[in-house]
Amino acid sequence: QVQLVESGGGLVQPGGSLRLSCAASGNIISIDRAGWYRQGKLQRELIAMISRNGWTNYADSMEGRFTISGDDGGNTVYLQMNNLKPNDTAVYYCNGLKITLATGESLYGIWGQGTQVTVSS
């Protein structure tokens with residue numbers, strides 16, 4: 001029973017901000033590496049990735065507007081989104097690229113259900 005649940009999406013005006021959360025539950029120790037993605041009508045794109053050792057990577061298309069972070073407990077990953085634009089409208093997904101279980105085993109590529117972000121006046 002390992003799940004990732006995204007939250008924090010909604011309707012926001014252009015220029016506004018949202019903070020998305022990705023919370024892991026189940027028999028886990030930590031999210032070791034995770035990514036935020038968004039799915040438009042035609043394609044899915046990577047937004048950012050983070051690892052527990054502090055490594056982060058951002059897609060160039062984000063233009064510095066998005067920030068990925070994690071909590072101290074290692075069970076939640078955040079995406080701070082600023083200066084949102086209409087073309088940011090999408091379903092945003094969290095992927096637990098590597099999750100360490102309490103058993104010492106690892107899981108890879110666990111997707112959340114997504115959270116809708118709509119940027120519109």
Side-chain angles (χ1 to χ4, degrees):
Q1 187 188 355
V2 176
Q3 296 185 74
L4 298 177
V5 178
E6 299 96 333
S7 62
L11 176 63
V12 64
Q13 293 186 349
S17 298
L18 287 172
R19 190 192 192 200
L20 306 183
S21 297
C22 172
S25 64
N27 192 30
I28 70 167
I29 294 296
S30 64
I31 303 172
D32 300 313
R33 179 174 291 189
W36 280 99
Y37 302 76
R38 64 188 183 188
Q39 180 70 54
K41 289 185 176 180
L42 300 180
Q43 62 181 355
R44 174 190 292 173
E45 66 175 327
L46 172 70
I47 300 167
M49 300 171 64
I50 187 169
S51 297
R52 288 291 289 166
N53 64 3
W55 173 86
T56 60
N57 181 258
Y58 294 88
D60 291 342
S61 61
M62 299 300 104
E63 300 176 350
R65 298 180 296 117
F66 292 5
T67 302
I68 192 169
S69 62
D71 70 349
D72 291 340
N75 68 331
T76 306
V77 178
Y78 303 96
L79 183 69
Q80 178 68 45
M81 307 189 296
N82 299 323
N83 191 24
L84 287 163
K85 302 175 181 180
N87 64 5
D88 293 321
T89 295
V91 177
Y92 284 69
Y93 292 92
C94 178
N95 190 307
L97 298 171
K98 183 184 178 185
I99 297 171
T100 297
L101 304 180
T103 61
E105 299 174 282
S106 296
L107 295 179
Y108 302 90
I110 304 300
W111 289 99
Q113 86 290 347
T115 184
Q116 176 71 49
V117 172
T118 302
V119 184
S120 177
S121 298

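Throughout, numbering of the chain's residues begins at 1 and tracks the sequence.
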Which atom names give the shortest non-hydrogen contact between [X] and [Y], and what distance separates them?
X   : Y    : value
N95 : G109 : OD1-CA, 3.2 Å
A90 : Q116 : O-NE2, 3.4 Å
L97 : M49  : CD1-CE, 3.3 Å
I68 : A48  : CD1-O, 3.7 Å
I29 : L101 : CG1-O, 3.5 Å

[atom1] of [X] to [atom2] of [Y]: how many Å apart, nearest 0.5 Å?
X    : Y    : atom1 : atom2 : value
I50  : C22  : CD1   : SG    : 11.5 Å
S69  : R19  : OG    : CZ    : 5.5 Å
D32  : I28  : CG    : CD1   : 9.0 Å
S7   : L20  : OG    : CG    : 8.0 Å
Q3   : I110 : CD    : CD1   : 10.5 Å
Q113 : L4   : CD    : CG    : 9.0 Å

*asked:* Run the side-chain contact (heavy atoms from CB on, under 4.5 Å) test on F66 and R38 for me, step by step, so that the C-alpha distance in whole Å, both residues' side-chain angles and the decisive distance to 0.1 Å come before the verdict.
replied: CA-CA 12 Å; F66 292 5; R38 64 188 183 188; 3.9 Å; yes

- prompt: Between S17 and N82, does a side-chain contact (heavy atoms from CB on, under 4.5 Å) hold up when you go through it step by step?
  reply: CA-CA 4 Å; S17 298; N82 299 323; 2.9 Å; yes

Hey, are the side chains of R52 and I31 touching, using non-hydrogen atoms and a 4.5 Å cut-off?
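A side-chain contact is absent here, since even the closest heavy-atom pair is not under 4.5 Å.
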
Heavy atoms, side chains only, cut-off 4.5 Å: are T67 and Y78 in contact?
-> no

Please check: side-chain N/O of [X] versus main-chain N/O of [Y], any donor-acceptor pairing under 3.5 Å?
X    : Y    : answer
N83  : R65  : no
T115 : G9   : yes
T89  : V119 : yes

- Hey, any chance V77 and V2 share a hydrophobic cluster, counting ILVMFWY side chains that come within less than 4.5 Å of each other, even indirectly? yes

**Asked** Hey, quick one: are W55 and Y37 part of the same hydrophobic cluster, counting side-chain heavy atoms closer than 4.5 Å, chains of contacts allowed?
**Response** yes

*Out of D88, L79, V117, which one pairs with L18 under the side-chain contact (heavy atoms from CB on, under 4.5 Å) rule?*
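With L18 as partner, side-chain contact (heavy atoms from CB on, under 4.5 Å) holds for just one option, V117.
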
- Task: Just do the side-chain contact (heavy atoms from CB on, under 4.5 Å) check on E6 and Y92 with the steps written out, would you?
- Result: CA-CA 8 Å; E6 299 96 333; Y92 284 69; over 6 Å; no

- Residue pair Y93, V91: steps toward the side-chain contact (heavy atoms from CB on, under 4.5 Å) verdict: CA-CA 7 Å; Y93 292 92; V91 177; 3.4 Å; yes

